[in-house]
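Structure, as structure tokens:
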Amino acid sequence: MDLEKNKTNVLQEISRVAREAGRSPEDINIIAVTKYVDLNTTKEIIALGIKHIGENRVDKFLAKYEALSSDDIVWHFIGSLQRRKVKEIINKIDYFHALDSLNLAKEIQKRAEHPVKCFLQVNISGEESKHGFSLEDIDNVINTLIEYDNITIVGIMTMAPIDASDEQLTYIFKTANELRLTLKNKELKNMPFTDLSMGMSRDYKIAIQNDSTYVRIGTAFFS
Ligand SMILES: *Cc1c(COP(=O)(O)O)cnc(C)c1O
């Protein structure tokens, strides 16, 4: 693995795709998903200038956080989170990307010591194996979350099926962005809906074309 080369390639490609889509590359936050790699490799990618670090397991997150928390890092928890583990991480992370149930929201509201920036995870593809609220759930979810002053909903997170075609990817990411805009326009308390967490190594291009502001990149950096 040539980390420096991978990093340069990913950043160049993201800049190119952003400009082609008429967007400014600075508006796209690049999260290095370090779940595949150890502490040393995580330090290397940080030394190469990546500030956003994402993990999807509580134990691995804590190990890296303890070792690196003095650095100037923005910490993202991107995986599904069990309710009983909320208290272990919720006051350490900067963003939580996988708010996918009201039970979980209730626990975050209870344990958080300040408002936590969360993405609502929405299952747009309808794939059974995917986490997230369905589109039909959203009105009810919003009505409940509006009461939770320790949760700030910054936007929508969605994931596409592993074998999605370009047409399916476009449909999924476009639908997420339209939902975000509809909710943003409601100007709800604690719910700016300014952001979209979508796009991984194999589908970030179409995510960026559909206004994604946080891409979560693992394989393209670390292989
Ligand atoms: C692993 C993971 C990623 C990164 O996926 P790559 O295909 O390796 O870029 C992004 N988001 C989530 C939620 C993940 O679990």
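For ligands, and for the atoms within them, numbers begin at 1 and follow the listed sequence. In this chain, residues are counted from 1 in sequence order.
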Exercise for review: For ligand 1, would you mind listing the residues that have at least one heavy atom less than 4.0 Å away, ordered by chain and number?
Suggested key: Val33, Lys35, Tyr36, Asn56, Ile78, Met159, Met200, Ser201, Arg216, Ile217, Gly218, Thr219

Review point. Is the distance between the ring centroids of His76 and Phe96 under 6.0 Å?
Key: no

Name each donor-acceptor pair under 3.5 Å that joins a side chain in residues 101-108 to protein atoms two or more places apart or in another chain, with its distance.
unit_1 : atom_1 : unit_2 : atom_2 : d
Ser101 : OG     : Leu104 : N      : 3.1
Glu107 : OE2    : Arg111 : NE     : 2.8

Check your understanding: Taking the six-membered ring for Trp, are Tyr95 and Trp75 ring centroids under 6.0 Å apart?
Key -> no

Practice item. Would you please name every residue forming a ring pair (Phe, Tyr, Trp, His ring centres under 6.0 Å) with Phe221, sequence neighbours left out? Key: none

Review point. Less than 4.0 Å between a side-chain N and a carboxylate O, is that true for Glu13 and Arg16?
Key: yes

Name each donor-acceptor pair under 3.5 Å that joins a side chain in residues 34-43 to protein atoms two or more places apart or in another chain, with its distance.
unit_1 : atom_1 : unit_2 : atom_2 : d
Thr34  : OG1    : Gly54  : O      : 3.4
Thr34  : OG1    : Glu55  : OE2    : 2.6
Asp38  : OD1    : Asn40  : N      : 3.3
Asp38  : OD1    : Thr41  : N      : 2.9
Asp38  : OD1    : Thr41  : OG1    : 2.9
Thr42  : OG1    : Asp38  : O      : 2.8

